[in-house]
Amino acid sequence: MAEITKRSEDYSRWYLDVIREAELADNSPVRGCMVIRPNGYAIWENIQRTLDDRFKELGHVNAYFPLLIPKSFLAKEAEHVEGFAKECAIVTHHRLKQVTRDGKVDVVPDPESKLEEEYIIRPTSETVIWDMYRKWIQSYRDLPILINQWANVMRWEMRTRMFLRTTEFLWQEGHTAHATAAEGRAETLQMLEVYRWFAEDILAMPVIAGTKTANERFAGAVETFSIEAMMQDNKALQAATSHDLGQNFARAFDVKFQPAEGPVDYVWATSWGMSTRIIGSLIMTHSDDDGLVLPPRIARHKAVIVPIWKTDAEKAAVCDKARELAALLRPTLGPVPVDDRDNLRPGWKYSEWERKGVPVRLELGPRDLAQETAMLKARHDRAKTSVPFGDIVQGVQAELDRIQQDLYDRAKQRLLDNTHVIDSWEQFTDLYENRGGGFAMAHHCGDGACEETIQDKTKVTIRNIPFERDETPGRCVHCGQPSIGRVVFAQGY
RNA sequence: CGGGGCGUGGCGCAGUCCGGUAGCGCAACGGCUUUGGGAGCCGUGGGUCGCAGGUUCGAAUCCUGUCGCCCCGACCA
């Protein structure tokens with residue numbers, strides 16, 4: 001069994017080891033893509049279920065649009081083309097032809113099947129969706145349209161990284177249409193708040209919500225908002241984005257409506273998304289050198305029972321009791337596996353479930369049976385407590401609640417400990433060169449060129465302009481020009 | 001696309017400089033002893049050394065080409 005490489009030695013190796021050891025994903029034969037294994041997919045399913053419920057509570061519905069986008073669609077919104085043209089997979093033919101080369105059978109695209117207009121494999125769906133919205137929207141009575149789509153998309157990035165930046169990834173993308181600018185903006189902010197809630201309350205991952213700078217804005221948006229989390233190596237990770245698209249896409253796709261009063265106008269749009277990248281952030285936020293650590297609210301299995309025995313008689317008694325307890329826990333926790341495999345010793349099973357990140361382990365042996373208690377062990381801090389059989393349901397639930405809170409508190413403390421108020425360029429460079437980096441709360445003049453220079457010099461970017469920020473005026477940490485408030489800088493993934 | 005590294009049983013690696021019958025650990029399988037934190041001993045099976053050429057009596061090893069993967073940079077959710 002491969003050992004998980006220690007974080008201090010090589011962070012990216014550690015991160016990949018956790019993914020492999022926890023059986024979350026494998027490399028696929030397709031460049032930059034991954035095979036999501038059942039353990040990883042179960043996490044994604046929980047993410048889907050939780051977010052989807054919330055979307056629906058807020059009046060959204062799901063729909064599905066095509067994978068392939070006519071090439072011309074992408075060209076309709078100028079900034080959108082610029083943003084995505086460099087990373088598109090293109091479908092050019094619709095048929096293969098068998099050929100024999102050097103005695104070997106091969107297939108090549110049939111030249112006679114070349115498409116008149118190529119298709120792009122969607123890097124995002126704004127264009128196909130807005131092409132349809134044109135047909136669906138006539139009057140203010142057709143608005144708002146609040147549609148979400150669960151789908152795969154492809155972006156041919158130069159460098160890929162499991163979960164964080166795969167060529168193909170899964171996500172949800174919400175695309176809404178509204179009658180007024182204010183309504184569009186309200187929707188954009190509402191959905192960002194959903195993401196903040198999801199990251200913090202469900203994933204136990206504290207984030208900073210704010211506005212992206214113009215440089216970092218989504219291609220085609222008038223304003224982009226993000227939530228930014230801090231990983232264990234002090235780098236920042238954008239966990240979700242929400243975009244106010246203004247009337248840009250409506251103009252590009254000619255989507256007009258008749259308001260209750262006044263002349264025909266273009267509709268107002270938003271889009272917002274969260275991807276499988278969030279699983280990467282989950283790993284890098286909570287996991288340790290023994291493998292994956294999952295917050296209970298997103299874990300596939302909340303608890304596992306490991307029975308311990310010496311003799312066949314003990315095995316029968318212990319396993320019977322284990323299954324009885326599992327049945328008791330099932331209504332509140334879902335399936336609780338009883339690991340009764342007889343070819344493995346308990347120690348092996350412990351470390352295996354730990355690697356997979358199961359939040360709580362119940363150990364049950366002859367001694368426990370005699371005392372009518374089970375030994376309960378928490379994954380993240382190894383805390384061990386004895387719980388009477390009679391209190392098992394409440395006992396486990398209380399421990400899961402403690403774990404959920406503890407993971408959040410721990411991550412929050414780490415975020416605070418590694419967030420620094422920075423007032424000079426010397427402090428700034430010192431932080432990233434010598435003191436391990438983190439979040440720098442510093443003044444910035446707001447000039448895009450200045451922002452780029454900082455990035456070129458230090459690889460540090462403005463993550464966002466936090467909603468809750470120090471608005472005492474000051475001077476830009478880099479160029480000294482006046483600033484109206486602090487922004488959050490960090491090295492990003 | 002630039003810089004670095006690596007392709008050897010299922011997994012992790014040694015062997016390559018200096019050519020000479022392909023090895024180690026883990027896993028698998030069988031047996032006995034074990035079982036409250038990754039068990040021990042004995043035994044068994046499994047590899048055209050990424051691929052294609054070349055040099056040589058002889059190539060994992062040397063030469064040429066080629067494919068793939070990983071890490072760093074540019075791109076990015």
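In what follows, chains are A, B, ... by sequence order, proteins preceding strands, each numbered from 1.
Using a 3.5 Å distance cut-off with no hydrogens or angles, the side chains of A/Glu216 and A/Thr461 do not pair a donor with an acceptor. In the model, A/Arg300 has a side-chain atom that pairs as donor or acceptor with a side-chain atom of A/Asn39 under 3.5 Å. Defined by atom type and a distance below 3.5 Å, a donor-acceptor pair is missing between the side-chain atoms of A/Lys356 and A/His301.
Looking at which nucleotide of RNA chain B each of A/Arg161 and A/Tyr493 is closest to, the 5′-most match is held by A/Arg161. Residue order along RNA chain B, read from the 5' end via each residue's closest nucleotide, puts A/Lys459 first among A/Thr241 and A/Lys459.
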Could you write out RNA chain B as a dot-bracket string, with dots for unpaired bases, | for bases paired across to another strand, and Watson-Crick or G-U pairs counted at under 3.5 Å? ((((((((.[[[[.)....(..]]]].((((((.....)))))).....[[[[[..)....]]]]])))))))....
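Salt bridge annotation for A/Glu363-A/Arg361: present, with a cationic side-chain nitrogen under 4.0 angstrom from a carboxylate oxygen.
Within residues 164-171 of chain A, the residues approached by RNA chain B to less than 4.0 Å at the level of any non-hydrogen atom are A/Leu164, A/Arg165, A/Thr166, A/Phe169, in residue-number order.
Rounded to whole angstrom, the span from the CD atom of A/Glu173 across to the P atom of B/A77 amounts to 14 Å. A/His243 places its NE2 atom 12 Å from the C1' atom of B/C76, with the value rounded to the nearest Å.
In this structure, A/Thr224 contributes its side chain and A/Phe218 its backbone to a donor-acceptor pair below 3.5 Å.
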Mark up nucleotides 30-37 of chain B, 5' to 3', with B wherever a protein heavy atom is under 4.0 angstrom from a base atom, S wherever such an atom reaches only the sugar-phosphate, and - elsewhere. ----BSBB
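Just one of A/Phe65, A/Tyr64, A/Phe55 meets the side-chain contact (heavy atoms from CB on, under 4.5 Å) condition when paired with A/Ile147; it is A/Phe65.
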